[in-house]
Amino acid sequence: MDVFLVPVGHGRHELYCEIAADASTVADDARPDETTFIGRMKKRVHDAIAEAEHEWRERQAGRLEMPTGRWGRIKARARAWMAEKVAEQRLLWHLRRQETCALVHPADATSDAALVLMRDGLQRDYERHRRWFAWNSVGFVASGVTFFVPGPNILAYYFFFRLAGHYMSMKGARQGLDLVAWAPRPSEELRQLRDLNAVPPAGRTERAHANSRPLGLEQLAPLFYRVTAV
C-alpha cells in the first residue's frame, strides 16, 4: 500500500491514501457471528458502511441525485456523514492488514525526516482514537437504557459505529508504528504541493489536481483545498 505524506502548510503534514472502490474498508479476519448481539450489530454496521460508501461515490460521480422526500434526504445526509467519517479513518483501517508500505514523501525532505513525521502522526492518531474509544465506550453502555424502546436502537448503533471505528483506527496506528516495514520514496509532485500553500485559494484546487494525478490520486485535490484553506 502507498501512503502519502502530504504537506498542508505551516510545517504540517497529513498521511493520506486512496483505496480501490472494490476493496473492503471494514474487512475482518473472520465473519461476524450473527447469533450474538454484538455480531448482529457488527454485521449491520458493516453493511451500512458499505452502502454509505457506495452511495457517496455514486453521488460524487454525478450518477445519483439527492432524494426529494424529506425522509429520503435525512437518510442520504446520514449516510454521507457516515461515508465522510469512514474516509477520515480509511488509512488507519487499512493499515491493520499491512506488513509493508511505501511512504511517499516530498522530495525536499530526507527519508529519515519523513519517517519521523510519519511516526509522529501515527502516534497522535493512536492517542486521539484511544481517548475517543473510551468516551464512546461509556456512551455505548449508557445507550442500553433505550433497550426497551420499540424499533431499532439508533443510539446504540451510533455509538457502536463510533466505537468500532476508533478501535480499528487504534489497531491500524499500532500496526503502522510497530509492525509495518516502511520504504520511503521521494516525490517531486508532493514537493510542488508544498509550494501551492502560497497560491491563492481560487486556483489551488486546479493546481493540486495537476500535481496529484501523476501519483494516481484522484480525490486528493478537494481534501488538500479544504485543509489548506483553513
Side-chain angles (χ1 to χ4, degrees), residues 1-21 23 25 27 84-133 165-230:
M1 185 172 80
D2 289 347
V3 177
F4 297 85
L5 186 67
V6 181
V8 293
H10 306 294
R12 296 182 298 123
H13 295 77
E14 294 286 342
L15 294 173
Y16 178 81
C17 75
E18 289 187 10
I19 306 296
T25 299
E84 289 172 0
K85 293 302 176 184
V86 170
E88 291 174 2
Q89 303 178 59
R90 182 177 288 114
L91 167 62
L92 296 178
W93 290 10
H94 280 278
L95 268 180
R96 293 175 299 144
R97 303 188 294 275
Q98 306 302 316
E99 296 180 355
T100 60
C101 288
L103 179 63
V104 187
H105 61 86
D108 58 352
T110 66
S111 295
D112 288 343
L115 288 170
V116 170
L117 289 170
M118 176 273 296
R119 293 188 62 83
D120 287 347
L122 288 181
Q123 187 64 45
R124 285 194 303 271
D125 286 339
Y126 177 81
E127 297 297 339
R128 176 168 57 90
H129 287 290
R130 185 173 65 171
R131 289 193 297 270
W132 280 110
F133 179 82
H166 292 303
Y167 174 72
M168 290 191 292
S169 293
M170 287 167 54
K171 286 190 66 176
R174 199 76 264 162
Q175 178 82 4
L177 286 167
D178 297 340
L179 299 175
V180 171
W182 293 91
R185 188 172 77 226
S187 166
E188 179 62 21
E189 288 82 6
L190 288 183
R191 187 202 66 76
Q192 292 174 11
L193 276 182
R194 192 193 305 280
D195 297 339
L196 293 187
N197 293 302
V199 174
R204 197 173 294 166
T205 300
E206 184 178 350
R207 293 275 298 278
H209 267 303
N211 281 87
S212 58
R213 283 196 188 103
L215 299 172
L217 302 177
E218 296 297 327
Q219 303 168 28
L220 175 61
L223 173 68
F224 182 82
Y225 175 80
R226 288 197 304 271
V227 174
T228 58
V230 175

Participant: Search all heavy atoms of Pro7 against all heavy atoms of His13 and return the closest pair with its distance.
Facilitator: CA-CD2, 3.7 Å
Participant: Evaluate the criterion side chain to side chain contact (heavy atoms under 4.5 Å, CB included) for residue pair Glu99 and Leu179; output intermediate values, then yes/no.
Facilitator: CA-CA 7 Å; Glu99 296 180 355; Leu179 299 175; over 6 Å; no
Participant: Rounded to the nearest 0.5 Å, what's the gap from OG on Ser187 to CZ on Phe4? Could you check?
Facilitator: 7.5 Å
Participant: Which heavy atom of Gly172 sits nearest a heavy atom of Arg96, and at what distance?
Facilitator: N-CG, 3.5 Å
Participant: Looking only at heavy atoms, what is the nearest atom pair of His166 and Gln89, with distance?
Facilitator: N-OE1, 3.9 Å
Participant: One pair to check against side chain to side chain contact (heavy atoms under 4.5 Å, CB included): Leu15 and Leu92. What are the steps and the verdict?
Facilitator: CA-CA 9 Å; Leu15 294 173; Leu92 296 178; over 6 Å; no
Participant: Taking atom CZ of Phe133 as the centre, report whether more than 12 heavy atoms of other residues, nucleotides or ligands fall under 6.0 Å from it.
Facilitator: yes
Participant: Side chain to side chain contact (heavy atoms under 4.5 Å, CB included) between Arg191 and Glu188: does it pass, once the steps are laid out?
Facilitator: CA-CA 5 Å; Arg191 187 202 66 76; Glu188 179 62 21; 2.6 Å; yes
Participant: How many angstroms lie between CD in Glu189 and CZ in Arg213, if you round to the nearest 0.5 Å?
Facilitator: 13.0 Å
Participant: Would you say Gln98's side chain and Val180's backbone share a donor-acceptor pair under 3.5 angstrom?
Facilitator: no
Participant: Checking Leu95 against Leu122 for the side chain to side chain contact (heavy atoms under 4.5 Å, CB included) test, could you report, in this order, the C-alpha distance in whole Å, the side-chain angles of both residues, the deciding distance, and whether it holds?
Facilitator: CA-CA 11 Å; Leu95 268 180; Leu122 288 181; 4.0 Å; yes
Participant: Within the distance-only criterion (no hydrogens, no angle test), does the side chain of Arg128 pair as donor or acceptor with the backbone N or O of Arg124 below 3.5 angstrom?
Facilitator: no
Participant: Check this for me: does any side-chain nitrogen of one of Glu127 and Arg130 sit under 4.0 Å from a carboxylate oxygen of the other?
Facilitator: yes
Participant: Please check if atom CH2 in Trp132 has more than 12 non-hydrogen atoms from other residues, nucleotides or ligands closer than 6.0 Å.
Facilitator: no
Participant: Just wondering, are more than 12 heavy atoms of other shown residues or ligands nearer than 6.0 Å to CZ in Arg194?
Facilitator: yes
Participant: Calculate, to the nearest 0.5 Å, the distance between atoms CG and CG belonging to Asn211 and Leu217 respectively.
Facilitator: 11.0 Å
Participant: Give me the atom names and distance for the closest heavy-atom approach of Met1 to Cys17.
Facilitator: SD-SG, 4.4 Å
Participant: To the nearest 0.5 Å, what is the distance between OH on Tyr16 and CG on Leu5?
Facilitator: 14.0 Å
